[in-house]
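Structure, as structure tokens:
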Amino acid sequence: MKEFRVLEIKESVFADNNADADRLRKELKESNTFLLNLMSSPGAGKTSTLVKTIAALKYKLNIAVMEADIDSDVDAATIAATGAKVIQLHTGGMCHLDADMTRQGIKGLDAKDTDLIILENVGNLVCPAEFDTGAAKNAMILSVPEGDDKPLKYPLMFQICDALIINKIDTISMFDFDMDACIKRARKLNPDIKVFPLSAKTGEGMEAWTSWLYETVTANQEIN
Amino acid sequence: MHELGIMYHIVEQVERVARENRITEIEALVLQVGALSSVVPRYLYACFPAAADGTILENTTLEIESLPANGICKECGTVFDTIENLNMCPDCKSRNFELISGGGFFIKEIRGA
């Protein structure tokens with residue numbers, strides 16, 4: 001009979017990925033590339049917000065996009081039409097991207113002179129919150145039709161994000177969406193979160209978001 | 001299927017620990033799952049054979065321990081299960097509490113040779 005011994009590991013399930021994400025963050029900082037991880041539910045308007053964001057910043061920053069999808073390239077084609085460099089990442093059924101998949105995507109982009117890489121994560125409010133991609137900042141989009149109770153339902157996502165975009169504000173009269181309650185719930189989880197109510201469709205509120213993004217990217221470059 | 005992806009990570013992480021400790025056979029893997037960690041133990045059991053297939057964990061038994069969601073009341077200091085009590089202190093009825101356990105998800109130990 002074999003002698004079995006107990007080996008205590010006591011590691012968080014996410015420990016290896018977190019360490020890898022820290023390495024990637026450092027590599028990106030050294031190459032002066034700012035990675036933004038953009039997350040949301042399916043249909044919150046990630047791609048349309050991105051298209052407008054690129055249009056606002058493309059003459060000031062060199063932007064590239066990584067589109068993560070389980071299996072399609074619909075979004076990549078939409079982004080490519082803006083003139084930004086884009087790569088499609090297929091996660092092969094996985095509901096999130098981890099740091100290693102992100103690194104491979106960046107390698108595939110060959111984005112040496114890029115100031116800003118935006119990672120459009122898989123549409124999902126659960127798993128992407130748990131896997132650090134190595135991004136300098138995390139942002140999420142919540143859209144008005146989804147409801148103001150989302151911070152109560154997906155607390156981790158709101159805790160890890162630096163910026164919260166509340167999209168589709170042009171539809172607010174049609175839904176029971178309490179903007180103040182939503183922001184209060186988000187701030188209770190994350191007092192420092194920056195909130196940007198906007199409509200990617202009408203352009204209302206876009207400027208506050210793109211200005212914040214531009215300033216955050218350039219501040220990051222100045223530190224180097 | 002979020003548990004399957006997570007299970008692959010766990011298998012990789014355990015393989016690394018086993019290599020570092022020169023363990024070639026693992027009888028049991030013990031995970032601790034917090035009640036608020038957004039993974040379902042039943043699905044972890046279901047995914048484990050697929051993730052372990054062809055690895056050192058192929059013949060390993062998976063054991064899962066649950067960690068309760070405990071909060072400490074910021075008004076009166078009572079420690080309580082936040083799920084059972086619907087986020088409200090059972091003593092003073094305050095909703096102002098700090099979570100002290102239940103959000104985590106850990107690889108606790110392996111039994112191996």
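Each chain gets a letter, A, B and so on, in the order the sequences are listed, and its residues count up from 1.
Ranked by heavy-atom pairs under 4.5 Å with chain A, the list B:Glu27, B:Arg111, B:Gln13, B:Gln32 is led by B:Gln13.
Contacts from residues 8-15 of chain A to chain B, taken as heavy-atom pairs separated by less than 4.5 Å, involve A:Glu8, A:Ile9, A:Lys10, A:Glu11, A:Ser12, A:Val13, A:Phe14, A:Ala15 in sequence order. Using non-hydrogen atoms only and a strict 4.5 Å limit, no part of residues 150-158 of chain A faces chain B.
A distance of 4.0 Å separates NE2 in B:His9 from NE2 in A:His96, rounded to the nearest 0.5 Å. Rounding to the nearest 0.5 angstrom, the gap separating the CD1 atom in B:Ile6 from the CG atom in A:Asn17 is 10.5 Å.
For a residue to count as touching a neighbouring chain, one of its non-hydrogen atoms must lie under 4.5 Å from one of that chain's; by this rule A:Asp98 touches chain B with the side chain only. At a 4.5 Å heavy-atom cutoff, the contact between B:Ile110 and chain A is made by backbone and side-chain atoms alike.
Crowding of A:Lys85 atom NZ: a count of heavy atoms from other residues, nucleotides or ligands under 6.0 Å exceeding 12.
Checked against A:Leu7 for a side chain to side chain contact (heavy atoms under 4.5 Å, CB included), the options B:Ile26, B:Val14, B:Ile23 give a single hit: B:Ile23.
Using a 4.5 Å cut-off on side-chain heavy atoms (C-beta onward), B:Arg16 and A:Asp16 make contact.
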